[in-house]
Protein chains: 2
Amino acid sequence: MSQLETLLKKYNLSVTEGRKKILQLFLDANAALEHATIEQNAPSLDRVTIYRTLQSFVEKGIIHTIPTTDSSIKYALCKDECGHGHHHDNHVHFLCNTCGTTFCIEQVTIPKIKLPAGFVSQQADLVVSGRCNLCNQN
Amino acid sequence: MSQLETLLKKYNLSVTEGRKKILQLFLDANAALEHATIEQNAPSLDRVTIYRTLQSFVEKGIIHTIPTTDSSIKYALCKDECGHGHHHDNHVHFLCNTCGTTFCIEQVTIPKIKLPAGFVSQQADLVVSGRCNLCNQN
DNA sequence: AATTAATTGCAACAAAGTTTTATTTTTTTG
DNA sequence: CAAAAAAATAAAACTTTGTTGCAATTAATT
Ligand SMILES: [Mn+2]
Ligand SMILES: [Mn+2]
Ligand SMILES: [Zn+2]
Ligand SMILES: [Zn+2]
């Protein structure tokens, strides 16, 4: 049984060509992907299938979403702590303004934020933008 | 000259009915607005006009965008420090999972984040979600 | 008041996302 | 392994969201 199949089974998803393909794209990419990118890299899959696959991957805790200001949604692989229904992605995300890549910065956790009275925090998303390490090497 | 006219002139925008109407909506709302909401509350304005107005308000520094995970864009009034081309909105945003409102939390600034070597930060967005002060009163 | 410049609304279009349904594929069961 | 059941897929139709070009209108300038 391949790594992909094992991973999908672990999350209680039936193993299909489309899911294996999309999961492989995430494993290969060291960065976040969006629907359009996946569509380009998996031309055999129907648009709708990609939407549904991303949705179930999020539900199962395989990938998580990353907020953006440009009405697109980015998705990246979760680490092991995430499971069905409960995400525990407490890390910073970095969007490079030069190459456009979005990275999970797993090493950096989001600091606790002290909110005004009455506000109760359940989750926090922190997206830093700037110039990434690769773009700064050139 | 009305408050609205003064404000628009200050930002070098010609004064039109549509812009006054939309600006008024932002002043009234103590929260972020999205395109669809404005469309509902200003039915006399063409969809396209609303898109263009939001765009020029952002350019002029009257409003700023707030990142979301749901492929929508939220907009909220800027404070005085923002001007043409340079936004200085360094505050936390709060999204209430109960009432759906998005607030600017001006009192809380985004902490400095120490990134891994090679990454250079230009901007940071922090969105906290949970239960807002109003929803916690009931 | 006349001229110029900017904004608006409309139409046409493009892109993004959803819903329904029949077909195909995967999983389960005997 | 084959049959039955369950789940996922593709295709089509549709809705929503966002963009572009252009003529008509409105606002600013002279
Ligand atoms: Mn991440
Ligand atoms: Mn704000
Ligand atoms: Zn980069
Ligand atoms: Zn609330």
Side-chain angles (χ1 to χ4, degrees), chain A residues 1-26 32-60 62-63 65-75 84 100, chain B residues 1-25 32-60 62-63 65-75 84 100 102:
Chain A
M1 191 154 63
S2 80
Q3 178 202 11
L4 291 172
E5 295 182 25
T6 314
L7 203 44
L8 288 171
K9 289 240 170 89
K10 176 184 160 193
Y11 287 100
N12 286 309
L13 287 170
S14 44
V15 178
T16 68
E17 286 310 307
R19 284 175 181 169
K20 282 198 284 183
K21 176 73 184 165
I22 293 178
L23 186 51
Q24 185 67 63
L25 287 176
F26 276 106
L33 300 176
E34 50 191 71
H35 181 276
T37 313
I38 296 170
E39 205 176 330
Q40 287 165 10
N41 288 89
S44 66
L45 298 178
D46 192 83
R47 248 161 35 85
V48 180
T49 301
I50 298 174
Y51 281 117
R52 289 192 273 231
T53 302
L54 289 171
Q55 200 175 296
S56 53
F57 279 12
V58 169
E59 279 166 11
K60 296 294 184 178
I62 300 180
I63 61 177
T65 55
I66 301 169
T68 68
T69 37
D70 72 338
S71 80
S72 77
I73 309 182
K74 305 219 153 153
Y75 301 89
H84 191 163
Chain B
M1 190 154 65
S2 81
Q3 178 202 12
L4 291 172
E5 295 181 25
T6 314
L7 204 43
L8 288 171
K9 288 241 170 88
K10 175 183 161 194
Y11 287 99
N12 287 307
L13 286 171
S14 44
V15 177
T16 69
E17 285 310 308
R19 286 176 179 168
K20 283 197 285 185
K21 176 73 184 166
I22 292 177
L23 186 52
Q24 185 67 61
L25 288 176
L33 300 176
E34 52 191 73
H35 182 276
T37 313
I38 296 169
E39 205 176 328
Q40 286 166 9
N41 288 89
S44 65
L45 299 178
D46 192 83
R47 245 160 36 85
V48 179
T49 301
I50 298 174
Y51 281 116
R52 290 193 272 231
T53 302
L54 290 171
Q55 198 175 297
S56 53
F57 280 11
V58 170
E59 280 166 10
K60 297 292 184 179
I62 300 179
I63 61 178
T65 54
I66 301 168
T68 69
T69 38
D70 71 337
S71 79
S72 77
I73 309 182
K74 305 220 153 150
Y75 302 88
H84 190 164
T102 299

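By convention in this document, chain letters (A, B, ...) are assigned in the order of the sequence lines, proteins followed by strands, and residues within each chain are numbered from 1.
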Here the gap from A:I62 atom CD1 to A:S56 atom OG, rounded to the nearest 0.5 Å, amounts to 7.5 Å
Report yes if some heavy atom in the side chain of B:K20 is under 4.5 Å from a heavy atom in the side chain of B:L8; otherwise report no. yes
Quickly work out the B:I50 CD1 to D:dT16 P distance and round it to whole Å. 16 Å
Take atom NE2 of A:H35 and atom P of C:dG17, then tell me their distance rounded to the nearest Å. 7 Å
Gap separating the CD atom of B:Q40 from the NE2 atom of B:H35, nearest 0.5 angstrom: 11.0 Å
For atom CD1 of B:I73 and atom P of C:dA16, their distance in whole Å: 13 Å
Looking at B:E5, I'd like to know if its CD atom is crowded, meaning that more than 12 non-hydrogen atoms belonging to other residues, nucleotides or ligands lie closer than 6.0 Å. yes
Working to the nearest 0.5 angstrom, can you tell me the gap between B:L45 CG and B:E39 CD? 9.5 Å
Using nucleotides 25-28 of chain C, report all nitrogen or oxygen pairs with the protein that are shorter than 3.5 Å.
unit_1, atom_1, unit_2, atom_2, d
C:dT26, O3', A:V15, O, 3.4
C:dT27, OP1, A:V15, N, 2.7

Side-chain (B:T37) to main-chain (B:L33) donor-acceptor, under 3.5 angstrom: no
Atom pair distance, as rounded to whole Å: CG in A:L8 and C1' in D:dA8: 13 Å
List in chain and number order the residues that pass side-chain hydrogen bond (donor to acceptor under 3.5 Å, both in side chains) with A:Q24, two or more places apart in sequence or in another chain; answer none if no residue qualifies. A:D28
Can you measure A:Q55 atom CD to D:dT9 atom C1' for me and round it to whole angstrom units? 15 Å
I'd like a list of close polar pairs between nucleotides 9-13 of chain C and the protein, N/O only, cut-off under 3.5 Å.
unit_1, atom_1, unit_2, atom_2, d
C:dG9, OP2, B:D46, N, 3.3
C:dG9, OP2, B:T49, OG1, 2.6
C:dG9, N7, B:R52, NH2, 3.0
C:dG9, O6, B:R52, NH2, 2.7

Any side-chain heavy atom of A:L54 within less than 4.5 Å of one from A:I73? no
Could you tell me how far apart A:I38 (CD1) and C:dA16 (P) are, to the nearest whole angstrom? 13 Å
Send over the distance from B:K20 NZ to C:dT7 P, rounded to a whole Å. 15 Å
In whole angstroms, the gap separating P of D:dT15 from CD of B:E39 amounts to 16 Å
